[in-house]
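Some notes on the structure that comes next.
Letters go in sequence order (proteins before strands), and every chain restarts at 1.
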There are 2 protein chains.
Amino acid sequence: MRRIRVGTTQLESVPEPKYWHLKTVIGEALDSDFSVGEILPNERDLAARFGVARATLRQALEQLELEGRLQRRRGVGTTVAPPRMGVEVSTTQQAWPGSAQDAWQSFDCAKAVPPAAVARLLGTVAEEETYTLRRLRVTHGQPVAAEQLYVPAASVPELSAIDAPPGTARARAVLRELQRLELEGQDRAVELGSARADDAKELDRLPGAPVLLVTTRYFSGGRTAAVTVATYRADTCRLTFGASGDVEISHHDQETRRAS
Amino acid sequence: MRRIRVGTTQLESVPEPKYWHLKTVIGEALDSDFSVGEILPNERDLAARFGVARATLRQALEQLELEGRLQRRRGVGTTVAPPRMGVEVSTTQQAWPGSAQDAWQSFDCAKAVPPAAVARLLGTVAEEETYTLRRLRVTHGQPVAAEQLYVPAASVPELSAIDAPPGTARARAVLRELQRLELEGQDRAVELGSARADDAKELDRLPGAPVLLVTTRYFSGGRTAAVTVATYRADTCRLTFGASGDVEISHHDQETRRAS
DNA sequence: GAGTGGTCTAGACCACTTA
DNA sequence: AAGTGGTCTAGACCACTCC
């Protein structure tokens, strides 16, 4: 976009996009001139101040929000976000969901046909209904993840569908039955996704917000006995595997000064 | 945006954004009418076909790309992306970087002052120089991750700076010294980030592209002996922790059909 | 040079929160 | 009612790839 000239000789072309440059400038300002929770000037003011269109300014803010440095709320404003919180995901010794106090609160259970992708993981035949629990993970008073737990009826044979009506009671019953099985192993995958409408609502985000999808398989009796798909807010969470949850990490400045 | 009316009574307001609806429609079309690698019509055509502005159409495509369903390349076009590849990140038994064939190829090593965030993890004093290796991870012929490895000089006391000049030779020397230490434990964190310019270039993406940052700490002698920050392409990678790397997972359809 | 996706503009209106 | 961020438009030009 800008071209640097010395005399009349064009030395270097700098096609660095405006929004990228803006992001850098604002990012540095956040480090030096703002503190956590502070509100920024509104987008129209900022755009005018930097002499760019609002759409361009927004592109920069979007990136900063993606990196967890800003928080924007419609009707309210843009604030400086606190550092991402470390959310433990590993649990060194493997355990069924619902064991002990694992920071999740169940609040619904129905029988439903799982998405094709989940059915494939479970190894169930298409259209087969499974228990489908819904749980929410709350940390420091903030909802950080919504989870869908899929348990084929075959995994909990002693649970009759008549035991409890759909709802929290049945959710507890399913989790209780799972504890009785021997957990032979588990498996995790993390990928980027965008929030479905229902997850977004529970996580207090807009639909389509970037999220980290954590898919876990639980093995028992030589089969996949259960599968969970957890949707973590990507803006506020850093998933930790091990004991690093208590350490402050911030990737705000990634540049490295070279020496030799 | 659209309002559904029966007679003159407004029954339900559907403020679902256009781009969100578009994303759904195109997503379904991808499942039924397109196969992996196929090229879509260009953005101007698509926008006209759906009767929206190009910016709106792009918002939908951006989301689909974020979810790993599309691949867009400037000057070329938009193609249907293959399912994300599972990339093993855990290594069940812990090991130093560079041990055995771990799919990483080192190609540089310099001494430099690490970013403040990394220095904090290492527990080094500010401005202290550390060995700074750069590695690339290639899977199926595709670069999937770029990594920065930080090793304080104190961790490899037997390595004299004069041993080897900066470059691949010194990189090998540092890794070799690390193997001689006893690894007492390691630690991982995963979070969302955007690609720095240098990483983006090596990963064949534009700067700012969404990436998964994997930060690993290696413990030895009661200290943090090394830290790595790996930048994985979020569009093409699914990080796996365990043995699930070989299984096909696709989160294209997440909807669940309810029953009871 | 033609065609693609990437950037940018200057407006408009909408949905939401707060006072 | 005022002010915020979210959505959308209709254009323009740029950087890149490929023929």
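Panel note: side chain R135(B), backbone L149(B); no donor-acceptor pair is recorded below 3.5 Å. With T240(A) contributing its side chain and V87(A) its backbone, the two residues share a donor-acceptor pair below 3.5 Å.
For the pair L22(A) CG and dT7(C) C1', the interatomic distance rounds to 12 Å; values are reported in whole Å. Rounding to whole angstrom units, NZ of residue K18(A) and P of dC13(D) are separated by 15 Å. A straight line from CD of Q71(B) to C1' of dG6(C) spans 16 Å, rounded to a whole angstrom. In this structure, L57(A) places its CG atom 13 Å from C1' of dT9(C), rounding to the nearest Å. One can place CD of Q63(A) at 11 Å from P of dC8(C), the figure rounded to the nearest angstrom. In this structure, the CH2 atom of W20(A) is 10 Å from the P atom of dT7(C), given to the nearest Å. Atom-to-atom, CD of E62(A) to C1' of dG6(D) comes out at 10 Å; the value is rounded to the nearest Å. Atom C1' of nucleotide dG5(D) and atom CZ of R205(A) are separated by 12 Å, given to the nearest angstrom.
Relative orientation of the F241(B) and F241(A) rings is parallel, given thresholds of 30° and 60° on the angle between their planes.
Contacts of residues 36-49 of chain B with DNA chain D (heavy atom under 4.0 Å): R44(B).
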Give the C-alpha distance, both sets of side-chain angles, the deciding distance and a yes or no for side-chain hydrogen bond (donor to acceptor under 3.5 Å, both in side chains) between R137(A) and Y232(A). CA-CA 9 Å; R137(A) 180 166 181 172; Y232(A) 285 83; 3.0 Å; yes
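Contact check, Y19(A) against dC8(C): no side-chain N or O comes under 4.0 Å of OP1 or OP2. For the pair R54(A) and dA10(C), the criterion of a side-chain N or O lying under 4.0 Å from OP1 or OP2 is not met. Contact annotation: T78(A) side-chain N/O to dT4(D) OP1/OP2 distance is not under 4.0 Å. Close to dT7(D), at under 4.0 Å from its OP1 or OP2, lies no side-chain N or O of T56(B). Not one side-chain nitrogen or oxygen of R72(A) sits closer than 4.0 Å to the OP1 or OP2 atom of dT4(D).
Minimum interatomic distance between A146(B) and W104(B) (heavy atoms only, all atoms of both residues): C-CZ3, 4.3 Å. A200(A) approaches A195(A) most closely through the heavy-atom pair CB-CB, 4.0 Å.
Between L57(B) and L22(B), the closest side-chain pair of non-hydrogen atoms falls below 4.5 Å. The shortest distance between side-chain heavy atoms of T228(B) and L133(B) does not fall below 4.5 Å.
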Atom pairs, N/O to N/O, protein against nucleotides 17-19 of chain D, distance under 3.5 Å?
none

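Using a 4.0 Å heavy-atom criterion, one finds that L206(B) contacts the sugar-phosphate atoms exclusively.
Residues satisfying the salt bridge (charged side-chain N to carboxylate O under 4.0 Å, His left out) test with E38(A), not counting sequence neighbours, are none.
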